[in-house]
Amino acid sequence: MWEREVGVRLKGNWRAQVVGAGLGPRLGNTIRSERYPKQGTSIRAAALVWSKAPVIVGAHDRGATIRPRSGLWLAIPLPVARERIRRGPLTPSIWERKTGTSLRIVRRRYGPSLLVADNVRVTKSGRIRSNVTRRKDGTTYSRLAGRSSAPIFLLVPQVRLRKRLDLDRDARAAEAALPGAIVSNWVEGRLS
C-alpha cells in the first residue's frame, strides 16, 4: 500500500507542476502511475510514474531548442491564422489550401520575417476575410474594396524553450518520503 501512496502523491505533484507552468490540464493528464504488484502485498513492491508524452514533458523539464526538420524556417502561426482553421497542425501550405489565399514572404531588416496574405480584409474583431470570392462554377473574382495585406505567420530559424518544470525535485522528495511511508504502513499492519 505504501508504494501506491507515494506513487499517487508523486503523480499529483507532477500534474500540479505541469498545470502550474501553464502547459494545461491535457498535458498534465498524460502523467500516469502504476503499482507493482497490481494486487496484494510484496517485499519487492514498486511504483512507477511516467508520462505518455515524454518528449513534450521532457523538453519543458530540461529546456530545448526546436529547429525545423527541413527547410530554413519555423512558421509560427499568429492568432489571426487560427481563425479559420480550428483543429490539427497549422502549416503555411494547409492555411493556403483551406483559405484559397496565397502567402508571400516579407523579409524585415530587424525582427523575424513574415508570411503575409495579400488581398484580404481584416475586420474590426481581427478576423481575416478574403477579398477573393469563389463562384459555384469554380471561377474566382476579386473585390478590390478594402484590400490590404495581413501577417499570418512569423518565420524564425529556431525557438528556445526555457526550463519550466523541475520533476527531479519532486522525485527526490518522494524518494526521501519512501522510508517513512514503509515504516508507518508496516507498524499499522503489525498493530492491526
(message) Hydrophobic cluster membership, with links at side-chain heavy-atom distances under 4.5 Å among I/L/V/M/F/W/Y: are Tyr36 and Val49 in one?
(response) no
(request) Working to the nearest 0.5 Å, report the span between CD1 of Ile56 and CG of Leu23. (result) 9.5 Å
(message) Take a 6.0 Å sphere around CZ of Arg169 and say whether it holds more than 12 heavy atoms from other residues, nucleotides or ligands.
(response) yes
(message) Does any part of the side chain of Leu78, heavy atoms only, come nearer than 4.5 Å to the side chain of Ile76, both counted from C-beta?
(response) no
(request) Calculate, to the nearest 0.5 Å, the distance between atoms CG and CG belonging to Leu10 and Leu48 respectively. (result) 10.0 Å
(request) Report yes if the side chains of Glu96 and Ser102 come closer than 4.5 Å at any heavy-atom pair, otherwise no. (result) yes
(message) On a heavy-atom basis, which atom in Ser33 and which in Gly7 lie closest, and how many Å separate them?
(response) CB-O, 4.0 Å
(message) Just to verify, what does Glu34 make a salt bridge (Lys or Arg N to Asp or Glu O under 4.0 Å) with, not counting sequence neighbours?
(response) Lys38
(request) Mark yes when over 12 heavy atoms from residues, nucleotides or ligands other than Arg104 sit less than 6.0 Å from its CZ; otherwise mark no. (result) yes
Donor-acceptor pairs under 3.5 Å, side chain of residues 152-164 to any protein atom, not counting sequence neighbours: which ones?
from, atom 1, to, atom 2, distance (Å)
Gln158, OE1, Arg67, NE, 3.2
Arg160, NH1, Ala64, O, 3.3
Arg160, NH1, Thr65, OG1, 3.2
Lys163, NZ, Asp61, O, 2.5
Lys163, NZ, Leu165, O, 2.9

(message) Quick check: closest heavy atoms across Leu27 and Thr30, and the distance to 0.1 Å?
(response) O-OG1, 2.5 Å
(request) Decide yes or no on side chain to side chain donor-acceptor pair (under 3.5 Å) for Gln17 and Asp166, but give the supporting numbers first. (result) CA-CA 8 Å; Gln17 225 184 106; Asp166 192 5; over 6 Å; no
(request) Using the test side chain to side chain contact (heavy atoms under 4.5 Å, CB included), find all partners of Arg69 that sit at least two apart in sequence or belong to another chain. (result) none
(request) Specify the closest pair of heavy atoms between Pro92 and Ala75, including all atoms of both residues, with the distance to one decimal. (result) CG-CB, 3.7 Å
(message) When you compare the side chain of Val57 with that of Leu167, does any pair of heavy atoms fall below 4.5 Å?
(response) yes
(message) Please find the pair of heavy atoms, one from Val19 and one from Pro25, that lie closest to each other, and give the distance.
(response) CG2-CA, 3.8 Å
(message) Just verifying a value: how many Å separate Asp118 CG and Ser149 OG, rounded to the nearest 0.5 Å?
(response) 3.5 Å
(request) Under the salt bridge (Lys or Arg N to Asp or Glu O under 4.0 Å) rule, collect the residues that match up with Lys52, sequence neighbours excluded. (result) none
(message) Who clusters with Val55? Use side-chain heavy atoms, under 4.5 angstrom, across I, L, V, M, F, W and Y, and order the result by chain and number.
(response) none
(request) Mind jotting down which residue pairs meet the salt bridge (Lys or Arg N to Asp or Glu O under 4.0 Å) criterion with at least one end in residues 6-33? Sequence neighbours excluded, please. (result) none
(message) Hydrophobic cluster membership, with links at side-chain heavy-atom distances under 4.5 Å among I/L/V/M/F/W/Y: are Val6 and Ile31 in one?
(response) no
